[in-house]
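Written below as structure tokens is the structure these notes are about.
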Amino acid sequence: MARWKAGLVSAALLLLCWQGLCWAGLWPRYVFPWPADVAATLWRLISTMELAVALLHTVKRIGLGFGLSAAGGLLLGLGLSRSRTLSDLLGPLVQGLQSMPSICWYPLAILWFGWNEGALLFVTTAGALFAVASAAESGVRNIPPGYIRAAATMGARGWRLYTRVVLPAALPSLLTGLRLGWSFAWRSLMAGELLFLNLGLGHLLAMGRDLGDAAQVMAVIVAILAVGVLVDRACFSRAEAAVRLRFGFDKAA
Amino acid sequence: MARWKAGLVSAALLLLCWQGLCWAGLWPRYVFPWPADVAATLWRLISTMELAVALLHTVKRIGLGFGLSAAGGLLLGLGLSRSRTLSDLLGPLVQGLQSMPSICWYPLAILWFGWNEGALLFVTTAGALFAVASAAESGVRNIPPGYIRAAATMGARGWRLYTRVVLPAALPSLLTGLRLGWSFAWRSLMAGELLFLNLGLGHLLAMGRDLGDAAQVMAVIVAILAVGVLVDRACFSRAEAAVRLRFGFDKAA
Amino acid sequence: SARGEGPEQPGAPPGEVRVGYMPNLTHAQAVLGVAGGTFARYIGAEVRPRLFTSGSAALQALFAGEVDLLYVGPAPAVSGYLRSDGAALRVIAGAASGGSLFVLRPEVDRHDLRGLRLATPGIGNSQDVALRHLLAQEGWRTRERGGDVTLSPMAPAEILTLFERGELDGAWVAEPWGSRLILEAGGVLAIDERDLWPEGRVPTTLLAVRPDFLSRHPETVRRFLEAHVAITREIQADPEGSRARVQEALAELQGRPLNDEVIASAWARIDFTIDPMADAVAELADRAFAAGLLGARRPDLASLYDLTLLQEVAP
Amino acid sequence: MRQPAVQPVPPELTLSSVTKHFETRRGRMKVLDRVSLIVRRGEFLCLLGPSGCGKSTLFNIIAGLEEPDSGEVLVEGEPISGPGPDRVVVFQDGALFPWLTALGNVEFGLSLQNIPRAERRERAMAALEMVRLARFGDAYIHELSGGMRQRVAIARALALEPKLLLMDEPFAALDAQTRNLMHEELQRIWARTGQTIIFVTHNVSEAIRLGDRIAVLSFRPGRVRREVTIQHPRPRKADDPRLLEIRTFLVRDLRSDVEAAVEEELGDG
Amino acid sequence: MRQPAVQPVPPELTLSSVTKHFETRRGRMKVLDRVSLIVRRGEFLCLLGPSGCGKSTLFNIIAGLEEPDSGEVLVEGEPISGPGPDRVVVFQDGALFPWLTALGNVEFGLSLQNIPRAERRERAMAALEMVRLARFGDAYIHELSGGMRQRVAIARALALEPKLLLMDEPFAALDAQTRNLMHEELQRIWARTGQTIIFVTHNVSEAIRLGDRIAVLSFRPGRVRREVTIQHPRPRKADDPRLLEIRTFLVRDLRSDVEAAVEEELGDG
Ligand SMILES: Nc1ncnc2c1ncn2[C@@H]1O[C@H](COP(=O)(O)OP(=O)(O)OP(=O)(O)O)[C@@H](O)[C@H]1O
Ligand SMILES: Nc1ncnc2c1ncn2[C@@H]1O[C@H](COP(=O)(O)OP(=O)(O)OP(=O)(O)O)[C@@H](O)[C@H]1O
Ligand SMILES: [Mg+2]
Ligand SMILES: [Mg+2]
């Protein structure tokens with residue numbers, strides 16, 4: 001594939017630039033590690049299973065946190081879209097909380113839930129919940145009314161109208177909302193792990209920092225990047241491409 | 001206005017729920033402060049000017065960081081949209097870096113730039129730059145080709161075609177990208193201030209945390225929320241509404 | 001909820017005791033008591049260690065009801081006591097004195113702190129209070145207060161890195177970080193806090209307990225205290241041997257060996273004691289209040305201490 | 001006005017004195033004014049009127065999507081309650097579901113009636129065959145041309161075997177050639193199924209070509225201004241002189257209304 | 001084929017043997033095959049052909065938006081190089097800029113030529129008056145109806161006073177009534193400005209109503225299959241028997257091509 005090749009070339013280019021910067025010697029090697037150092041560290045982290053353990057914890061956390069906020073956000077958003085009053089009352093709140101960097105909750109989360117996974121879950125979930133909710137609400141509100149009317153004349157009502165027409169019609173917006181929610185949740189989790197919990201990629205990063213080991217920091221960054229790209233590519237890009245194809249959005253472009 | 005009223009009612013409702021939770025006594029007051037405590041703390045922070053000083057620093061930082069990433073992101077995105085090769089080479093990189101929680105850069109940023117505003121600026125900018133860039137690129141790519149052809153037959157070329165047709169046509173996507181970029185930058189800055197720099201809202205929050213003063217944490221959260229909502233409402237919502245009105249997007253809905 | 005105990009009968013021994021401390025030299029009793037199993041042996045229950053990297057983190061965990069007994073610096077102890085109106089903790093013994101150093105880069109004049117970039121391990125912790133008091137005494141103002149001295153809280157590891165790179169001019173830290181700054185990063189000892197206090201007695205670590213845990217399990221606390229006293233006596237009796245054991249346990253916790261020279265230097269600057277040092281703590285509280293770190297009310301430490309058990313254990 | 005002869009069986013659809021207002025910023029606007037209409041079983045009725053005269057509103061009332069302020073709608077003598085699969089609407093833009101294939105769209109209404117899978121598939125395929133799209137069952141909507149989409153929409157309605165097929169300007173968005181084709185297709189289908197069809201249009205030629213009878217609505221408030229029965233045999237040719245005569249008559253009849261619409265359209269001038 | 005008499009001044013537009021291919025997934029497709037055409041100054045030429053025969057492609061070549069594979073395009077005897085304001089295109093969807101007002105859209109092309117503000121405004125207003133939209137200069141595009149938008153697009157082109165006005169199915173998206181109005185407007189404007197107009201359509205009636213001359217393109221590869229001159233006086237009526245005769249002739253002439261297109265459209269059947 002041409003895109004694959006371009007990706008490889010661009011990765012090679014990046015490595016080259018990086019090595020070039022190293023050779024240029026702007027920073028000493030312990031501050032700006034060489035690609036080889038990072039690769040060696042990465043290999044150490046992999047072979048000692050440290051990376052795998054950290055990954056496991058992080059994946060468990062993001063899975064739970066994002067899952068919760070996706071489910072909760074969809075429910076909240078759909079609820080808001082059903083009732084004008086509800087949306088008038090809670091809408092501003094949801095908007096406000098959406099703009100809130102959720103990491104700011106963490107001191108309180110610790111006080112409320114303790115110095116444990118619960119607090120981290122709260123921070124991760126709070127980061128994404130409201131973004132998903134407001135995307136879901138506006139997605140449902142902006143469904144072409146023609147779909148609803150057509151379904152109504154064919155006898156669709158209540159629950160069926162919802163599952164068979166409203167949700168599929170809103171799917172593109174829901175996906176966009178979920179993707180945004182994911183990126184917020186991911187950011188919150190990383191900040192949270194960096195700040196206060198052990199085990200997990202963020203903690204491995206913090207360890208690198210505490211040990212003054214720039215190569216480890218870089219190696220963990222590479223791992224975090226890989227997770228992010230993988231999720232983006234494997235889940236969201238693919239789902240969006242499928243929806244775009246089915247809905248025929250690409251035709252318009 | 002009805003929306004104003006709804007906002008007030010919802011704020012009142014929120015306060016009531018909060019006070020209700022306090023009365024329910026799930027948590028002791030020093031862990032879950034009462035609205036009155038938070039109001040008192042807020043007043044203290046305002047009257048001692050601490051809040052104003054913190055706000056000033058935060059605003060300066062977000063202004064500079066977001067400004068840089070907006071300008072840089074637009075330039076990068078427009079550059080990518082101009083050349084297929086460039087976009088094939090750098091596209092995956094931009095996508096990858098976009099998914100990277102920028103706070104993870106901070107240990108390296110400190111090593112590279114030192115314990116100073118530069119490091120924070122790097123983290124804030126890195127948080128938003130790539131989101132803005134990729135929105136700008138896809139925005140320009142998805143301009144209806146009819147606009148370009150129409151402008152070309154009227155003699156628009158080069159720079160003029162860009163400033164007079166491409167940019168205005170891409171404005172809605174650019175705005176969406178900027179809004180997303182803002183939310184990433186704001187999150188990164190708050191995480192950064194919490195983690196490592198003094199002066200600023202995040203630092204005030206960290207102080208509340210370190211002193212075990214939940215009321216101060218809550219008060220600063222209220223301030224952060226206010227800044228977020230204000231920027232969202234005053235800048236982005238307003239600009240988007242203006243664009244929607246002009247482009248007539250609301251008609252379709 | 002994460003708070004509170006399980007459904008237990010008052011008086012019955014708890015299934016486990018959660019002990020919070022930092023993996024530091026100044027918390028040597030905790031390190032030894034956990035590593036050598038002394039705590040568990042004395043109380044006859046499982047001991048679950050909770051490690052923290054800062055006093056404020058430990059305080060948050062205490063507020064959240066996640067630790068029962070806590071080795072903590074005097075400043076977090078005071079602020080936790082005051083914030084919670086006495087509901088969160090009681091100090092039942094002292095643990096360590098000294099081991100708190102102000103280190104500067106060699107080219108800096110100890111008496112001219114103008115425009116310097118200084119660091120402490122956290123806002124409102126014991127070293128932070130000490131440095132703020134020093135600044136106030138000598139007439140320097142921090143940037144938050146319109147002056148030109150930058151005073152940043154940061155993790156000790158970061159302090160070391162930045163100090164090495166010349167990004168920091170000085171820091172007030174606990175051991176072994178003070179010795180590391182001197183021996184590894186070329187710093188110069190400006191103040192050993194012991195020199196500022198009568199008889200060199202400056203509280204660095206105290207032993208605190210959650211009041212509700214104390215009232216529910218007085219017997220357990222009492223036995224824990226016995227273990228604490230025993231370990232302290234052991235350290236006093238055999239400083240070198242104890243040092244080796246602490247060093248070993250810390251190396252285990254941090255996953256890498258520690259520098260002998262650093263540990264030796266740091267160890268010499270710490271006195272281990274069960275003396276609660278109440279007067280010094282009161283003085284510290286006043287200083288913290290003066291620095292604006294304890295809110296608007298003058299600190300009233302009336303029942304910060306509960307020394308009845310200590311008097312029984314070590315009359 | 002001519003009234004069709006009263007029949008022993010109740011007529012398929014009876015509108016009696018349907019009136020409807022809308023609240024607008026400039027006050028209350030009467031859109032439909034005492035509209036009465038009787039449609040016999042198997043009849044092809046065209047509703048003709050200028051843009052904005054209330055055709056879609058009347059249609060929504062018949063479909064049960066909106067309630068009249070006063071008056072009654074009876075289907076086979078029974079008052080209607082809400083929308084139902086006995087009166088299916090084919091909308092101007094098709095309103096097909098892009099997340100389903102052509103076949104999926106046609107099956108949609110059937111699955112709402114809990115018809116078993118095999119029968120559903122069979123009836124849907126039969127409907128697709130009727131509009132000559134059997135080969136395109138797997139295609140997604142965006143893969144079809146405008147004319148093909150309109151035919152899927154018709155198949156979706158036909159599959160439900162409604163008593164009344166309501167068509168709201170279904171061909172307005174098509175180009176002239178495709179529209180011609182669709183006219184032929186529709187008449188072929190109607191000849192086979194014998195359904196009752198009400199067809200809304202603002203195009204006089206279209207109405208003349210398709211309708212057994214044409215009901216002309218006037219412009220604001222909408223009122224049945226005239227009914228014309230066309231007994232001309234099918235297929236009808238556009239240039240048949242007798243049809244051209246009716247066309248000229250209707251165009252003249254509509255002129256004042258059209259001019260009102262034109263006034264709005266032309267702005268100044 | 002009939003050729004217009006050779007004139008002493010060079011013709012406004014000369015196409016000589018323009019050929020164009022497209023690369024598609026199924027190989028190289030010849031879209032235009034040696035198209036030659038001469039357009040006199042002030043002439044109203046209609047290009048007629050079934051959908052997909054290459055009309056827009058030919059147009060893009062004339063406009064300078066695309067290059068032919070071989071052959072030449074001369075304007076007043078000079079070969080063209082790229083698009084230019086002497087040949088302005090009015091597109092089917094108008095392609096108006098939604099971020100500008102109607103007046104802003106009309107001024108756009110003028111401002112590209114660095115015409116001073118006052119003159120620009122004056123010429124734009126004159127153009128808007130010509131399409132009877134002077135009152136709507138301040139309106140944004142989405143505030144206008146389909147017909148009004150098309151008129152703004154025409155005004156935008158007129159304001160540039162191009163030698164050649166190229167119109168690519170500009171009225172295809174309009175309903176019949178509005179389209180009728182637009183035909184009248186366009187002829188009125190043409191009578192006033194005397195510009196050379198090339199008008200693309202696939203609607204035979206439209207071509208007959210508007211053109212001095214009709215060039216018929218064949219279906220794949222596009223080739224000028226026939227040219228018909230219409231000397232009928234204006235305004236022309238749709239039911240004029242002589243025009244109907246030409247219409248019947250052209251429709252029959254196009255039939256085989258139309259059937260090819262229909263084949264594609266109808267799918268199976
Ligand atoms: N929900 C509504 N609220 C207010 N006014 C409405 C509403 N729906 C329709 N109208 C008005 O009622 C009138 C009739 O509308 P309707 O859509 O029935 O016209 P129509 O005959 O179908 O026109 P067209 O041929 O353009 O489809 C219009 O003037 C329209 O503006
Ligand atoms: N860029 C392109 N690449 C490949 N094929 C193309 C391209 N542009 C047009 N074609 C093909 O060339 C043929 C002619 O297209 P063109 O748009 O010129 O037709 P047209 O006569 O304008 O049709 P219509 O009346 O539908 O506008 C079509 O079959 C089309 O699929
Ligand atoms: Mg209508
Ligand atoms: Mg075309």
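Residue numbers begin at 1 in each chain, while the letters A, B, ... track the order of the sequences. Predicted, not measured: the structure shown is a model, and the values here were computed from it.
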- Message: Under the criterion side-chain contact (heavy atoms from CB on, under 4.5 Å), I'd like the reasoning laid out for A:Arg209 against C:Thr161: C-alpha separation, chi angles, the key distance, then a yes or no.
- Response: CA-CA 9 Å; A:Arg209 169 199 65 181; C:Thr161 312; over 6 Å; no
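- Around CD of C:Glu248, the count of heavy atoms belonging to other residues, nucleotides or ligands within 6.0 Å does not exceed 12.
- Residues A:Ile110 and C:Gln60 approach most closely at CG2-CB, 3.7 Å, considering heavy atoms.
- Residues forming a salt bridge (Lys or Arg N to Asp or Glu O under 4.0 Å) with C:Asp85 (at least two apart in sequence, or on another chain): C:Arg297.
- For A:Arg44, the CZ atom counts as densely surrounded, since its 6.0 Å shell holds more than 12 non-hydrogen atoms of other residues, nucleotides or ligands.
- Interface residue C:Glu158: only side-chain heavy atoms are found under 4.5 Å from chain A.
- A distance of 6.5 Å separates OH of A:Tyr30 from CD of C:Glu164, quoted to the nearest 0.5 Å.
- When all heavy atoms of A:Gly114 and C:Ala64 are compared, the pair lying nearest together is CA-CB, 3.4 Å.
- Around atom CH2 of A:Trp43, no more than 12 heavy atoms belonging to other residues, nucleotides or ligands sit under 6.0 Å away.
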